[in-house]
Each structure stands twice: as C-alpha cells, then as structure tokens.
Amino acid sequence: MEELDGEPTVTLIPGVNSKKKQMCFDWGPGEMLVCETSFNKKESETKPGCPFIYIIRKDIDVYSQILRKLFNESHGIFVGLQRIEEELTGKSRKAQLVRVSKNYRSVIRACMEEMHQVAIAAKDPAIGRQFSSQVSILSAMELIWNLCEILFIEVAPAGALLLHLLDWVRLHVCEVDSLLADVLGSENPSKHDSFWKLVTILVLQGRLDEARQMLSKEADASPSSAGMCRILGDLMRTMPVLSPGNTQTLTELELKWQHWHEECERHLQDSTFASSPHLESLCKIMLGDEAALLEQKELLNNWYHFLVTRLLYSHPTVKPIDLHLYAQSSLDLFLGGESSPEPLDNILLAAFEFDIHQVIKECSIALSNWWFVAHLTDLLDHCKLLQSHNLYFGSNMREFLLLEYASGLFAHHSLWQLGVDYFDYCPELGRVSLELHIERIPLSTEQKALKVLRICEQRQMTEQVRSICKILAMNAVRNNRLGSALSWSIRAKDAAFATLVSDRFLKDYCERGSFSDLDLIDNLGPAMMLSDRLTFLGKYREFHRFYGEKRLTDAASLLLSLMTSQIAPRSFWVILLIDALPLLEEKEVVFSAEQTYELMRCLEDFASRRPVWREPGVQRIQEDVENTKLEMLRLALARNLGRAIIKEGSLEGS
Amino acid sequence: MEFGDASLLPENDAAWRLDYYQHDAQMDYYGTRLATCSSDRSVKIFDVRNGGQILIADLRGHEGPVWQVAWAHPMYGNILASCSYDRKVIIWKEENGTWEKTHEHTGHDSSVNSVCWAPHDYGLILACGSSDGAISLLTYTGEGQWEVKKINNAHTIGCNAVSWAPAVVPGSLIDQPSGQKPNYIKKFASGGCDNLIKLWKEEEDGQWKEEQKLEAHSDWVRDVAWAPSIGLPTSTIASCSQDGRVFIWTCDDTSGNTWSPKLLHKFNDVVWHVSWSITANILAVSGGDNKVTLWKESVDGQWVCISDVNKGQGSVSASVTEGQQNEQ
C-alpha cells in the first residue's frame, strides 16, 4: 500500500464501543449509510448496541445557503472561461486571464462579506463562531488565490513584483484603515494612544505618504521633535519606488535606492533621531533592520507581512526566482522556533517556490471542498502551467479535480445543473460521469424530468433518455395517466411499452366505449409506426374520425384494411366487425361487392376461431349478445352484397 | 479530503429505532428511499427525502433472518427483492401506494445469502446465491410470471455473493431499430465457500456457463462487487474473504480474458463487504477491525486508503444525546 502524505482522516460514528460489532454500509448517489450490525450469522445476539443508521455526507458545503452563491457565480465564470479559450491570443491573453482571476476573487470576497454579516447578526454564539470560522477559511482561500494570481498568472517581473506583493498584504490587513479613521478623527491625533502604532503600521505597509502626514501632525503638536519629524518625513518622501509607467530601468532604480539607503544609514549613525525612540525605530525599519522589524511582530501579525516589508526595505528589486529564499527565512525568523508552520504557511511557501503541484496538493488536503482547487487548477491550466500527470483514469489533474467537484454538486437537488457544465468540459471522462450521475437524479416533478431529458437529448445520450422516459412512462401507467404514459413511451422509442399502453387504451375503450386523451392519439403522426399496436390504435381512431366526418367510403376502406392487415388484436375483432354494421345500414352502398366478400371472409374466419369452451355467468351473456350481433352482421352483409352487386352492375351497364 | 460530519437520523420517531440487527441497508436508485432487513425477519422501507425519515412499510413474509435486500431499477416500478435464512427469495412491489409480496421463490434447499438485480438493459432479472451451492436466476416474463434458471453446484458448500457485470453492448453503438433488443453478453460474478470467484456467461441458447474461475483467496469468499463501467476498456471486480484479504481483479477487455489480481490490503479479520461508489472511483470495504475504509487508486496503480469510517471508541460527541447504549 502506498504511503499517503497524511494519515487518512477518521470519521467517528458515535455509538457503542464494542469490539464485536461491525458496520454494514451502502452507497447512495451522494452519500453513505452505515449502521451497526453483526455479519457473523451464527451470532445469537440480535440486539444491536447502537440502534441508529447514520448518513455520512462528503460534500456538506453543498448544502450551505451562502456558499451556494459562490458555486453559482463561479460556475458562470468557469463556463465563460472555457468558451473564450479559443479567442485568448497574444498579449491580451494574459490580461484576460488576470481579469478572470480577479472575477473569481471578487466572488470569494462577496461571499466572505455576506457570511461575515450573518456571523455578526447571529443570535446563537455557537453559530456565530461557526460562520466566523467559515469566513476565515474563505479569507485564507482568497489570500492564496491572490498570491497565485500575482506569481503564476500576472507573472510579475522584478520591480513590479514587490508592488503587487505590497497590494496583496495591504488587502489582507484591514485594521489599518479603521485605526487611521479613529486617530485622525480624534481631537489631538498625535496624542492618541495608538498614534505611534498607526504610524508604524503605515511604514510597515509602505504607505509612506500617509505616514509623513501623520508625522507632520506630530511636528505641529510638539515643536521639540519638529525637526526630526521633518527629516524623517523627507526620507520617506524621497524613497525611490518603481511606479507604473515609469521609464527608468531596474538598474537605475537600484542605484537610486542604494543612495537613499546610505543616506538613511548616515542619519542613524549621526544619531539624528536619538532623542526619539519612536522615530529611531522607524528609521531602522526603513533600513530593513531585521531586529527592528521583528520587534513589530504583533503589528505585522504574520510572517508573509514580515517578508514583504523586509523585501520592501532591503531588496525592493527582488526577482521572482529568489523569492523562496526570503520566504523560507522570513518564516523561520518570524516563528522563531516557538511554533511550527500551519497548513496555510506551507501552501504559501509552496507558492513562493513556484511549486504549483504542491500548492494544489496541500490545498486539497487542507480544504473540505473541491471548489477551490478545481477552479484554480482549471485557470492555471488555461495559463498552460500544468504538465499532464497521467492519473489512473487517463485524465490529467485538472480533469480529475473538476470531476470530483462536479460529482459533489450532484448530491444537491438543484446545484446538479451546474455540475452538468463542468462534466461537459472534461473531455476524457466527463461524458460517462455525467451519464452515471444524471440517471440518479430523482424525477420528483415533471418539470425536473423535462429538464433532465433536455440535457440528455442535447448531448445525444440516447440510453439515458430511453431509461428516463421508461421510468416516467411506468409511473404514469401506475397512476392511470395513459396519455402521459403513451407520450413518454414514444419519446423513449420503446415499442414494447407503447404496445402495453395501447392495449390499455383499447381495453378502456372496450369497457367504457370511449377513448381518453383523444388529442394525443389523433396527433400521433409518424410516431404511430413505433409499434403495431400503436399503429392500430391510431388508425382505429382515424376510422372513428372518418365516420364522424361522414367520409364513409374512406371509413369503410380503413376498417377493412384494419381487419385484413392482421394488426388488430384478437380481442378487438368483434368490435371491428360490429363497427361495420352502421356502415352497412347506411342508405347508400358504402362497401363494394369485393369489400363485402372480404368482410364475410373475415367474419367466418373470426367465428371459426372463437374458443369453444364456454364459461358460465357474465361471459355467457356477453357471448350471447355477441352472437346476436354477428347474426345481424351476416344479414347486413348479405343484404349489402346484393345492393352492391346491383349498383356495380348498373354502373357498368350504362 | 475530509468527510463531513456523520449526521444522525433522528430517534424521535419510535418506529425508527432498530431493535434488531440490520443485516443490510440499501438506498434506492435516487437516494430517496431506504430499505433495511434484519434478524427480526422484517424488511423495512423508509422515505428519506429532504432529510426526512418516514417509515413507509414493514414487510413481513420471511420466516428467518433476512440477509440482503436489493432495489430493482425504477423503470420497472418500485420493486425490492429480499433473501433470507428461510431459503426463500421474496420480491415485493409497490402497487397503488402499498407494498405487497408479488412473488416468492422457494427453489433453494438452504439459506439464500445474496440477491442482485441485473442491469436494467437486460430486463428484470434477479440472481440469487444460496448456501446449497446453487445460483438461481429469476427472469420476469410478464403478467406476474417469473422464469427460473438454476445453476446447480455453482460453488461447493455454498454461494455467498453474486454481482452483475455492467451492461456493455458489443460492437458498435449504432441505435438499434425500435423494438429490437441489442445482443447483450450477460455476465455475472459469484463468490463461494470453495474460496473461488466464478464468472458466469449466458450462452446463445440461454444456458449459463462457467466462464472463468478466479483463485486467490484461501478461505470463504464473502462478497464480490463488479465495478460500474466508466468507459475504459477494462473490467474490474473487487472481492473480499474470510482470509482477511481484499483483491482487485482487472481484465483488459481488448487483449482477452485474463484476470489479474492485485492485493488491496490484508486486514486482521474477516472482511464482509465491498462496494463501489457510483462512478467506481472509490471502493468501500467493511469488516476487519470494525471499520469501513475507503480506497482509491493512485497515479501509479496502487490502492490507497483515503478515509476510515470508524465507530466511536468511548469518545462520545455532544450530538449523541439519548439512545440507550446497551453495554455488552
């Protein structure tokens, strides 16, 4: 057995602890059932210790109301991305892919926001906590995605890289703005408790303009330190940064930055800020002094903030390939051997090392739902960043993850529709997975059934269409909705079932003398050919219509052909023969002589084949009635024959 | 990849409590209904839609513990088969909202251990394996009639499990003209007390012939499960046995009929039950050491355990409130 990177997770079923019992289980479409049992058939003990059946669900996130929006909207982005694939060319390709990435991220943020509101508003603190933890998971996902976007999709080069990383950090540390508002809003900002804390954070985040503004307030408030504030402010103002659109090269920037760095160093050596510990500390930070930075651990809050600040003030032109070295050392320095890295830390480290597979793998292990890895991997695949790992199913990693995600969606009574599109974009196993899953969707309403059918028909999944129509036809028959049953059998192209339903129709007619669902039968069209019995049903109705419209000769020929073509069921022959009576009793001669001979032959044929064995009771009476009618028929036929011969004779004669 | 929390079907409704061992529990095709069978000779059916749990039927008819239940494909209506120690196989059907016995098969001389419905494409066919060593095949021919074919001495001492191969139409998949049934090659696997797994094939004359013998276990085979088809040209069967081993058998359909076994794992105890998920990418194994373990095949063809579903070992979580915990 191959070794897994982590121990398989154990799901505990609360129950009796006993060494003797086992669990029996079954797979549902999207979940598992377990219950305690004893497989040993000789077991005399019949009472189970734990009398319950448990349902274990894998993708419970599917049932979350708020996450549903995430699934719905990201589905739209996903499908859009697949569709524009062909159009993504040249320079604009990267920009468009970045835009898609930002779209995904904004969806995550929207979801986070909503969940945050719910968490605050929750009356039950336990539920509030639950939602809050969900918010932090989403926040972590967005953090990771954002970093991946910078490193893998934007592929920021040295110089721009740092600016993106600064944005990244700023986006995820939100307290700064509220603190800023707090302090500025107070009467004496520079005397505010958190004044220096604020200035420090602003410097740590590279927001030097704002830091300078704060310093000028301090300068106004305490003239003794005004001079120092101004000097530091100047240093802040003059720090060389790469601004977008700036034409200077990286080397030029580096040179300027070196000069500036040396100037800061000089001030420190000259003890310019010696009388203000705060200002001196700020200067050290701006020099990228590690010890000074580490003193601000609490304000930095995490090692990646520490990393970015460190880079800002010591290696602003850092190259992407060198990132991982600084990342690892930042993590080590920040944790200081006091704690070990958490899953999130490892994921970020893997990203800094540009090890995409590792990122995806770690995320798969850490997260409870395939959503994140499936969508991110798909996007990265569009960036042509994944080599195909051939998995057992013969598909690559992108497809594997999408299949897992989509399968999870099928457990949900309405989200399954999203899953369909994901399967569509999995070229290897998408179709067969869809076939297996779509048959399992409960067809609780006609509307749902039609939806499922449409999906199958659009994809030429004829087997599934047939199977679903058969199920619906069977349901309809059980509920005596014969018309519905018939139309489903026709849609399923199921001849056997169509025959069965037609028989029911005919049986009903025998009993009640009328047809239900006339509309349907009258408008069968070519579908009539599906089965002989169905054809008979359709044609028999046509006969009725002809008679109703007084198209008597047409009716007569049709009736005759129905009898001679052998498609009429035995049980119906009597009715057909008796139907001839009214036609024979019309004033005008409807049946020709030849037709009359045919009819007579049919009659004798029928009479000779009737079972001899008689059963007493009702059937006897019925048979007597039948016999009488057949006698009448013989008489009518004979009479008609006479009339027909005369008519035809006269015509010929004249 | 974590599994979500195990959620409890509520014990509020007294009818829900299972006072006897449920030997088998099966979800229907859509996951909306649940059938269980137990030592108290009953077969119970529950409606489990939308997290609800309603006892729909308590079917009595067996005279001994009922070992297994199996749902037929919904296109035939709501049909359930059950088999029991009383040597009988009963087929139950829901008619006008009530469940009734629609057929009883008494052709075995000993406990019937396993029932399995064939793929719906073949029609309504049920395979039954019995301790008398025989396997019987019941085919519904219409008008309430069932035709029986029996394979005597399929396994010496007894047959413990039967499992059908997925329906695969040989040759091209052009739409058949309506009314004509495509020529399916019907196959199923059985496991028995002779430590063997046998593959059976229906010949053109309608008789069943033993096509293959798969030997690898050193003790009674307890369960076999033929994996659903995912469109690849290989067939896969999982088997588990009294000897604690679970094997995965694969056959490359294009090259012929050789089946090669791969040992999934050797457990410390009897393994009772194996089952494939719907898309055949996860195998669940139950038995030894009181766990249900889930296995997936990894990149290089090795089978990896991805999750353990374990019973609580004394650690009681807050969600278990009442429910008598009968101490053993």
Side-chain angles (χ1 to χ4, degrees), chain A residues 1-2 4 8-30 32-35 37-39 46-49 51-58 60 364 368 389 391-392 394 407 429 432-433 436-437 440 442 462 467 470-471 474 478 493 495 530-531, chain B residues 1-4 6-9 11 17-27 29-32 39 74-75 77 175 178-179 228 230-231 265 272-273 275 277-279 284 286-287 290 292 297-299 302 304-317 319-320 323 325-326 328:
Chain A
M1 183 176 78
E2 186 185 287
L4 258 191
T9 47
V10 176
T11 304
L12 292 175
I13 311 293
V16 179
N17 43 338
S18 161
K19 302 265 188 274
K20 274 212 220 152
K21 309 296 166 58
Q22 293 94 37
M23 285 193 286
C24 67
F25 63 86
D26 185 43
W27 285 102
M32 264 188 96
L33 289 181
V34 292
C35 74
T37 186
S38 172
F39 288 116
T46 52
K47 275 198 179 309
F52 308 117
I53 297 184
Y54 289 87
I55 295 180
I56 305 181
R57 289 212 168 87
K58 190 160 66 124
I60 45 167
S364 304
S368 67
H389 263 13
L391 300 176
Y392 163 62
S407 302
L429 291 172
V432 66
S433 301
L436 287 167
H437 276 106
R440 300 279 181 155
T462 42
S467 147
K470 269 170 128 160
I471 294 171
M474 168 65 74
R478 279 213 310 276
K493 298 200 181 43
L530 183 60
S531 94
Chain B
M1 199 53 227
E2 284 166 19
F3 257 57
S7 74
L8 192 53
L9 294 170
E11 359 68 35
R17 289 180 57 97
L18 307 165
D19 293 317
Y20 289 87
Y21 276 126
Q22 303 303 303
H23 287 284
D24 194 22
Q26 282 241 345
M27 290 279 232
Y29 206 61
Y30 300 122
T32 53
S39 313
M75 76 166 64
D175 236 30
S178 65
I230 49 165
H265 190 53
W272 296 97
H273 193 36
S275 169
S277 67
I278 295 182
T279 43
S286 154
N290 303 328
V292 175
E297 191 167 348
S298 72
V299 182
Q302 295 304 310
V304 186
C305 178
I306 60 169
S307 184
D308 280 335
V309 179
N310 202 341
K311 283 162 56 271
Q313 303 285 317
S315 62
V316 179
S317 66
S319 64
V320 178
Q325 312 236 342
N326 295 331
Q328 294 309 311

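Naming: A, B, ... by sequence-line order, numbering from 1 per chain.
Contacts between A:Ser467 and chain B at a heavy-atom distance below 4.5 Å involve backbone atoms as well as side-chain atoms.
Residue B:Ile278 holds its CD1 atom at 5.5 Å from NE2 of A:His437, rounded to the nearest 0.5 Å. Within the model, atoms CZ of A:Arg440 and OG1 of B:Thr279 stand 10.5 Å from one another, a figure rounded to the nearest 0.5 Å. Rounded to the nearest 0.5 Å, atoms CG (A:Leu429) and CD1 (B:Ile230) are 5.5 Å apart.
Between B:Met75 and A:Met474, the shortest heavy-atom distance links the atoms O-CE, 3.2 Å.
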